[in-house]
Structures are given as structure tokens and as C-alpha cells.
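Below is one structure, written out as C-alpha cells; comments come after it.
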2 protein chains.
Amino acid sequence: MLSKRHSDILKILETEGTATIAALADRLGVSLETVRRDVKPLTEAGTLTRVHGAVGLAGQLGEAPFQKRMRENAAAKQVIARAVAGMVRDGDSLMLDTGTTTSFVARELTDHRRLTVVTNSTDIARILATRNGNRVFLAGGALRPDSGAAFGKSALDFIAGFRVRLTILSVGAVDETGLMDYDLEEAELARLMLTRADRRAVVTDHTKFGRAGLIRVAGFDGIDALVTDHPPPPAIATALTAAGAALTLPLLRCENTPAGGG
Amino acid sequence: MLSKRHSDILKILETEGTATIAALADRLGVSLETVRRDVKPLTEAGTLTRVHGAVGLAGQLGEAPFQKRMRENAAAKQVIARAVAGMVRDGDSLMLDTGTTTSFVARELTDHRRLTVVTNSTDIARILATRNGNRVFLAGGALRPDSGAAFGKSALDFIAGFRVRLTILSVGAVDETGLMDYDLEEAELARLMLTRADRRAVVTDHTKFGRAGLIRVAGFDGIDALVTDHPPPPAIATALTAAGAALTLPLLRCENTPAGGG
DNA sequence: GCATAAAAATCACAAAAAGCCACATTGACG
DNA sequence: CGTCAATGTGGCTTTTTGTGATTTTTATGC
């Protein structure tokens, strides 16, 4: 029989990759034995793999540099992602570019319904495509080995065919002149996505402030919101205000995070 | 008959996703039994999914249909997948279509290196894209909610631009006249993939034998190998032999299955 | 290499929760 | 007043969960 916890466990593992039995028991508020019992049929069916003390999604144990980057500063990214998810309504149309933070955003959007999502990230597409009546449009092509996303002309052409209410971008660096990136194709795609939406939000953790980006993506004009975890340096804050962009600083509160990750 | 409480329950679940019977009873100010009675016709109609202790909207609770199909007959599919993986060498070029069995194949290919993979399945792409120096070409477009794969003209055009050594197909049904499918677009894509490879392998578990498929994909001519878990009915075996296709039956007991005539 | 301790998994059994059925009560309506 | 549908209640069954004893696995010391 399938219990509600089964889907809860799958959902947790989808975002975390792996978890110990003890951690799952703690998070779900049940005993170790109960988690073991829940996990058993899922491992037998091959959905989950088990190692002594922990479980993980079958196809995902020991993976990719991208997954590794997902773990860096994960708590901050998740808080940022949750804040952005709060800007999205059921039935909304979105564009998301490739990035660890936008992947977190996708994970925070798993409870939304009837979303229309346009992206070039297979990670984001995979998370949202089979859920809650969402429609997902994925730009195909040659996938980058690091991120599993498609770039290049065909991706640009594909994205150009859509118009959405909200574009959510991650960036490689932010200085007082605007948004910067390290990769030409990523920057081109980001620029395009900015033109294809009514509203534009940028997600970035504080480590990106003041970095020296290589390629300019855009200024702050036309950016509606910058969502981040720590207040930016004064120069950037001033530039944001001057451009009329809202600065969203979600509070890192521990009591109200059901996921518990911090 | 639809009572007011029915719509109330639906409304609550629309925002909450899932709820326990007790919570609903409490919120609606009626007894547990009444809620159970209300919920019953809705689950029977398929609007709601019910598990011990809770109800949820049909899509919200439980696993995605694709995941569910991945669990059905998983052991057999994995054995089949391992056998097919044995037909693939490092550096090979492959096409894989969307299907639970081909997704298993992708998982069995995670130790191969420098593969060139062309597919329309985001699941397969995700597994192989960020690994071992593989190159993955993914057909984009609107993703099917059930499988997370792209179909349609743009996918066909994309696939048509490649030529590989080996195409690995899953099919919906096999009868003595050849390979069948239930979906027109899937069948069209499969047909195309068959023309874009030097060699062609078909993976299928024994439950597909003798099923009544809707759309014809291809005959056995030109199929180099059919990999399955149980011997097919005589009529199909005869047709295979007549067409010169090899039949690969990996042994379920063996840990290390031989590549078998591939 | 083997013994030992610690962590984790498994098993069996009792308690709790949830579900189900039959029957009584209520209230609307002709 | 009788009928009928809807709801609540109590008894009973089924499922699920937690606990503690026991076994297995993993790590560690000699």
C-alpha cells in the first residue's frame, strides 16, 4: 500500500538527493522503523537505492558537479528560492534559466499548479514537467556536460518563441553596473529571456556581489526584483534603487521552515 | 449527486494539496464518517486519491505515472537493460526513445564513457548528460506530462539530423507482424529513429507479447536484436527468425549477463 | 587476522489510528 | 404521519506504528 509518506520521502530525496534514515524519521516525525518500512518497497522496486544508514534516488547516487554546486550555500539558495516561489501564483507563466539557484526555485515550485514553464535546463524541466498540470517547454540541443542545459542558436530561437509573465534569472556576478556572467551563451540566453517577460526577477546569493563578471548581461533597469540573502554593498543598493528595482531579503527564520534544512 | 461539502473539500484540497480525514472533518464541522462518505464517490470518480490516513488531489498524491510504470516489472526491465548495455561499447553513438525500459538502459549505461546519445527523453538525457565525457543531444519542445519527453514535428526534425550506430527502442506491443505502439507521435518518432542507425535493438518485457497495439511501428525486418525476459510465443519467434533478427534472452539469475549475439 | 564495540537493520508483538458496517437519530417534504 | 436521505454513534476489523529484543553489518583496536 502507498502511504502519504511515500510521496513525501520521494519529494525530499528529489531535492536532497540522499538522506539518512534518521534524518527522514526526524523530518517526517515518525520512528526509524516506520521509515524503514516505508523505504523498503521503494528500494525493492528499484526507485530508491539503499546503503547502510541512508537512502537515495536510484539514478542519482554519486552524481555530477552540478549536484555538488547545489550543495554549496544550499541553505541560502533555498531561502531565496522560497521567496521567489512566493512571487509566483498558480497558473502563472515563467521562464527560468540554468543555474543552481533557479533549480532550487523549481524545487520550491513543486506545490504550485498549472504553471507554464519555459526553460533550457533539463533539471528544471524534469522537476516540473510531470506535476500538477504544469506545461513545460524545454529548449533542446547539445547539452552542456556540467549543467545539463542546452545553449546555442537553436535554444535562443526556441526561447524567442515564447512570452511569459515572469522571468527568473540567476547570474554569475553582480556589480554596481548590473548583472554579469562568465559564459557568453548563458549571457545571451539571459538577455533574451529578459525581453520575453512582463516582469523580471533575479536570484543571487551574496557571494556574487562584487565579483568581477566577464560578460555584461544587463543593467538594473527593467529588473523588477533582486532576491538575495544578505544586503548588497551600498554601491549596488544605490544602483538598484536608482533603477527602481525592489530588493527582496527573505528572513532566515528557523521556526517556520517545515523542510527544516535551516 | 454533489453536495456543498464536496466542493468545500475540493476547495480545501486545491489549496492544501492533501489533508487527513480528521483535518477535513474538523474543518467542516462534521464527523469523520461523514467525510469518508463524502470522499468515497470522489475517489471512485478519480478526482481524489486516497491513502490510509489522507486524501489528496489526484495528481498531488502518489507518484507520477511514469515512476509508477518504472516500478512495474522493474526487475525484468533491469535485466533486459543490462543485456542491452552489454551491446554498447565506450565511445558508441546511440539513439534511445522514451520508455521505462529505455530509461533503465540509460541507468545501466552510467559506467560507459564517451557515449554520444540522441534522445527525446529528459529522463535519459539527465542521467547521461553530466557523466563520463558523454555528449547528449536532447530533442526539446513541449514535454508530455506523463513521460517528460518531447514529441511532435520539432522533435522529429531534430532527430532526423543525426545518424548513430545503434538505436534502442522500447515498444508498446509486439505481435507476429512486428512492433506496435499506442501513440501516434511515439510511433512516428520510433520509425524515424530506426532509419537513423546502422543497427537497431528493441527492448521489451514479455508482457508486451500478443498485446493488441494500435499503431504499427515496423516489421521485424531490419531489427537486429530483440531483447526480452521470457521467450516470445512461437508465432513471434518464427517471425523474428524469418526476418533474421537475433533474440536475446538474458538469464535472470546471472549477475553478469553475456551480450548474447549482439 | 580476529575480537570487540557501535550503528543499523530486522523481527515480533502490543498499542494506536483509521476504516468499515449496522443501526439510531434527525429533519425535510409530500 | 410516513418516507427518505443525510448524519452521527458505537462496535468491530484492518492497517499502521512504536518499542524492545535480537541479529546483522560496519568500524576499530590489538
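Naming convention: chains lettered A, B, ... in sequence-line order (proteins, then strands); numbering from 1 in each chain.
Of the candidate nucleotides C:dA22, D:dT17, C:dG19, C:dG19 has the atom lying nearest to any side-chain atom of B:R36. Comparing D:dT16, D:dT17, C:dT10 by their closest approach to the side chain of B:H52 singles out D:dT16. Nearest nucleotide to the B:I21 side chain, out of C:dA12, D:dG8, C:dG19: C:dG19. The side chain of B:E33 has C:dC21 as its nearest neighbour among D:dT17, C:dA8, C:dC21. Here D:dT19 is the nucleotide among C:dA18, C:dA9, D:dT19 with the atom lying nearest to any side-chain atom of A:S31. Comparing C:dT10, D:dT16, D:dT7 by their closest approach to the side chain of A:R50 singles out C:dT10.
At whole-Å resolution of the value, CG in A:L28 and P in D:dT17 are 11 Å apart. Look at CG on A:D26: it is 13 Å from P on D:dG18, rounded to the nearest Å. Here C:dA9 presents its P atom at 13 Å from CG of A:L48, a figure rounded to the nearest Å. Nucleotide C:dC20 holds its P atom 10 Å from the CD atom of B:E44, rounded to whole Å. If you take CZ of B:R5 and P of D:dA5, they are 16 Å apart, rounded to a whole angstrom. Following rounding to the nearest Å, A:K40 (NZ) and C:dA9 (C1') show an atom-to-atom distance of 11 Å.
When all heavy atoms are compared, the tightest approach of A:A74 to A:F104 is CB-CZ, 3.9 Å.
Note on A:L32: nothing from the nucleic acid sits closer than 4.0 angstrom, heavy atoms only.
Nucleotides of DNA chain C nearest to A:R37 and A:A54 differ in position, and the one nearer the 5' end is that of A:A54. Residue-to-nucleotide proximity on DNA chain D shows that, of B:V35 and A:V35, the 5′-proximal contact is made by B:V35. Between B:T34 and A:T34, the residue anchored closer to the 5' end of DNA chain D is B:T34, taking for each the nucleotide with the nearest heavy atom.
Between the side chain of A:T122 and the main chain of B:T122, no donor-acceptor pair closer than 3.5 Å is present.
Side-chain contact of B:D205 with B:T207: a donor-acceptor pair under 3.5 Å is present, judged by distance alone.
The residues B:K208 and B:D181 are annotated as not salt-bridged, no charged nitrogen and carboxylate oxygen being separated by less than 4.0 angstrom.
Residues forming a salt bridge (Lys or Arg N to Asp or Glu O under 4.0 Å) with B:D146 (at least two apart in sequence, or on another chain): none.
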